[in-house]
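Below is one structure, written out as structure tokens, with a few remarks after it.
Numbered from 1 within each chain, the chains take letters A, B, ... in sequence-line order. Only a predicted model underlies this, so the values are computations on that prediction, with no experimental measurement involved.
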There are 2 protein chains.
Amino acid sequence: MKDEKKRGRPRGFDPKAALGKARDVFWDRGFAAASLDNLSAATNLNRPSLYGAFGDKEDLYLDTLEGYRQDGMDVLIEALDPSLPLRDNIARVYAGALAIYLHGETAARGCLLIGTASAEAVQHERVREVLGRSLNDFDDEIEKRMRLAVERGELPRSADPQMLARLASAVMHSLAVRARAGDSRETLEAIARSGVEMICGSAP
Amino acid sequence: MKDEKKRGRPRGFDPKAALGKARDVFWDRGFAAASLDNLSAATNLNRPSLYGAFGDKEDLYLDTLEGYRQDGMDVLIEALDPSLPLRDNIARVYAGALAIYLHGETAARGCLLIGTASAEAVQHERVREVLGRSLNDFDDEIEKRMRLAVERGELPRSADPQMLARLASAVMHSLAVRARAGDSRETLEAIARSGVEMICGSAP
DNA sequence: CATATTTTGTACCGTTTCGCATTAAATTCT
DNA sequence: AGAATTTAATGCGAAACGGTACAAAATATG
């Protein structure tokens with residue numbers, strides 16, 4: 001269903017791969033400081049090709065954010081596999097986050113959304129919307145697992161799934177910020193372990 | 001000791017006030033998207049005056065970050081007044097943070113450091129240094145109070161002051177990000193309350 | 001009052017920015 | 001084969017950018 005031959009000259013590049021390269025540029029430099037020349041060089045696409053395929057710079061940025069959000073949700077859902085104990089789930093969420101955050105040429109990149117979209121969120125409403133939606137979707141997914149934990153007795157009946165989820169997310173937000181601030185992997189892993197303990201302290 | 005009359009023409013403006021206006025510009029737009037025209041307009045200073053007083057744009061930005069950091073530390077230290085119960089201390093820390101974060105023309109501004117310095121942290125080493133140092137100083141100040149709480153018996157002997165402090169900070173980092181993402185004051189206050197409960201749960 | 005020194009305001013310089021106009025190339029449809 | 005359609009490459013252009021040169025203004029010193 002994707003090979004319906006289109007009429008004109010075919011694309012000489014893979015839009016998904018190009019989006020991945022653009023994402024790296026935005027990740028390192030942020031939206032405002034990433035120039036179309038940077039993006040053009042990284043993607044090996046001329047500016048008109050970029051423009052034709054993705055729209056203007058803000059459109060391109062929003063596309064990369066959407067893709068990142070989706071990838072993140074996939075990682076999250078896999079980490080929250082309900083056949084595992086809650087404690088393992090949360091530990092896997094943090095491990096998955098750190099695997100993404102601790103990767104950069106000069107310095108760790110942290111989270112694309114928290115690290116770069118936050119900066120634009122005040123002035124660019126569409127960016128703020130994606131950021132807010134992403135955070136909420138993450139919370140909701142964790143909350144689902146927390147509710148299940150209460151039903152199963154992994155957590156006491158008195159536990160508040162929504163608040164536990166938001167606090168679990170909070171630790172992840174902190175990991176994102178601290179990674180970009182230059183904290184060591186050891187420090188971040190220690191915080192993640194403490195976070196698991198704090199969130200799942202009452203779980204077996 | 002500040003009126004040692006200097007030789008040339010005296011300044012026609014208050015550098016501290018100008019720095020405050022510049023801070024607002026960076027807070028709303030971030031570093032990269034804030035132009036010297038924006039800063040010049042907000043401070044009512046010509047670009048040469050700005051340059052003469054603070055150096056180039058990055059110097060000016062770093063100055064605003066330093067000032068913000070210092071102000072934040074003052075608020076934090078006041079909130080952590082050791083004559084109050086630990087629970088009140090942490091609640092005051094979050095209340096103080098939200099008072100700063102929830103203030104903006106178009107949308108809430110969140111934290112200047114977390115919201116804007118994070119974006120530049122990967123590429124600008126000096127910004128990363130200020131950000132990292134700020135986060136650490138905050139952690140350390142809270143940790144001091146946590147240690148006191150253990151000594152006093154407000155927390156069990158088994159409590160880990162460093163980790164409790166880092167988790168208390170984590171909730172604040174999350175408040176900063178969520179404020180900038182557009183979360184309501186009610187939501188943020190609920191998270192803050194849950195954070196207090198989670199951190200001080202075992203405290204009287 | 002003249003000179004030295006610092007700040008202020010205007011105007012400008014070279015670069016970089018984003019976006020597009022235009023033309024050449026590659027493919028499908030008739 | 002030729003028309004139609006889509007993509008690719010070059011390059012342009014108007015605007016915005018950060019930073020500064022320069023001269024006028026304001027103060028202290030001698």
Side-chain angles (χ1 to χ4, degrees), chain A residues 1-19 21-23 25-26 28-65 116 119-120 123-124 126-127, chain B residues 1-19 21-23 25-26 28-65 116-117 119-120 123-127:
Chain A
M1 59 167 64
K2 70 195 296 190
D3 302 28
E4 298 163 11
K5 298 195 179 174
K6 282 178 300 183
R7 282 259 308 202
R9 174 173 175 172
R11 284 230 164 99
F13 64 95
D14 172 15
K16 269 195 109 168
L19 226 49
K21 294 291 188 184
R23 176 192 291 189
V25 174
F26 286 128
D28 276 353
R29 311 177 91 97
F31 169 73
S35 72
L36 285 185
D37 281 341
N38 296 147
L39 295 162
S40 176
T43 56
N44 281 315
L45 290 175
N46 305 312
R47 263 162 309 175
S49 295
L50 265 177
Y51 198 84
F54 305 108
D56 69 10
K57 190 176 135 181
E58 185 172 328
D59 292 331
L60 174 57
Y61 180 58
L62 289 166
D63 271 3
T64 69
L65 290 185
T116 75
E120 313 296 329
Q123 300 267 320
H124 294 96
R126 295 159 72 196
V127 175
Chain B
M1 63 166 65
K2 71 197 295 192
D3 300 28
E4 299 165 10
K5 296 192 178 177
K6 280 178 302 184
R7 283 260 307 202
R9 175 173 174 171
R11 284 226 164 102
F13 64 95
D14 172 17
K16 268 196 111 169
L19 225 49
K21 295 292 189 183
R23 177 194 289 190
V25 173
F26 286 129
D28 277 353
R29 313 175 90 99
F31 169 73
S35 71
L36 285 186
D37 281 341
N38 297 147
L39 295 162
S40 176
T43 56
N44 280 313
L45 291 175
N46 304 314
R47 262 163 308 173
S49 295
L50 265 178
Y51 198 83
F54 306 107
D56 69 11
K57 190 178 137 181
E58 185 172 329
D59 293 331
L60 174 57
Y61 180 58
L62 289 167
D63 272 2
T64 69
L65 291 185
T116 75
E120 313 296 330
Q123 300 266 323
H124 294 95
E125 192 179 340
R126 295 159 72 197
V127 175

When the side chains of residues 10-17 of chain A are checked against the rest of the protein, which donor-acceptor pairs come out under 3.5 Å, sequence neighbours left out?
unit_1	atom_1	unit_2	atom_2	d
A:Asp14	OD1	A:Lys16	N	3.1

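Taking 4.0 Å as the cut-off between side-chain N and carboxylate O, B:Arg23 and B:Asp63 do not count as a salt-bridged pair.
Within residues 30-42 of chain B, the residues that have a heavy atom under 4.0 Å from DNA chain D are, in order of number, B:Ala34, B:Ser35, B:Leu36, B:Asp37.
One can place CZ of B:Arg29 at 13 Å from C1' of D:dA16, the figure rounded to the nearest angstrom. In this structure, OH of B:Tyr51 is placed 17 Å from C1' of C:dT8, rounded to the nearest angstrom. Between the P atom of C:dT17 and the CD atom of A:Glu58 lies a distance of 18 Å, rounded to the nearest Å. Summarising the geometry, the separation between CG on B:Asp56 and C1' on D:dC17 is reported as 14 Å, rounded to the nearest angstrom. Here the P atom of nucleotide C:dG19 and the CZ atom of A:Phe54 are 15 Å apart, to the nearest Å.
Considering all non-hydrogen atoms of both residues, A:Ser40 and A:Asn46 come closest at OG-CA, 3.8 Å. Across all their heavy atoms, B:Thr116 and A:Ala119 have their closest contact at CA-CB, 4.4 Å. Contact record, B:Leu45 with B:Ala18: CD1-CB, 3.9 Å, taken as the closest heavy-atom pair. Residues B:Phe54 and B:Asp59 approach most closely at O-CB, 3.1 Å, considering heavy atoms.
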| field | Nucleic acid footprint by protein, nucleotides 4-13 of chain D - heavy-atom cut-off 4.0 Å, B for base, S for sugar-phosphate alone | value | SBBBSBB---
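Ring to ring, B:Phe31 and B:His124 are close: their centroids are under 6.0 angstrom apart.
Here B:Asn38 contributes atom CG and B:Thr43 contributes atom OG1; the two are 10.5 Å apart, rounded to the nearest 0.5 Å.
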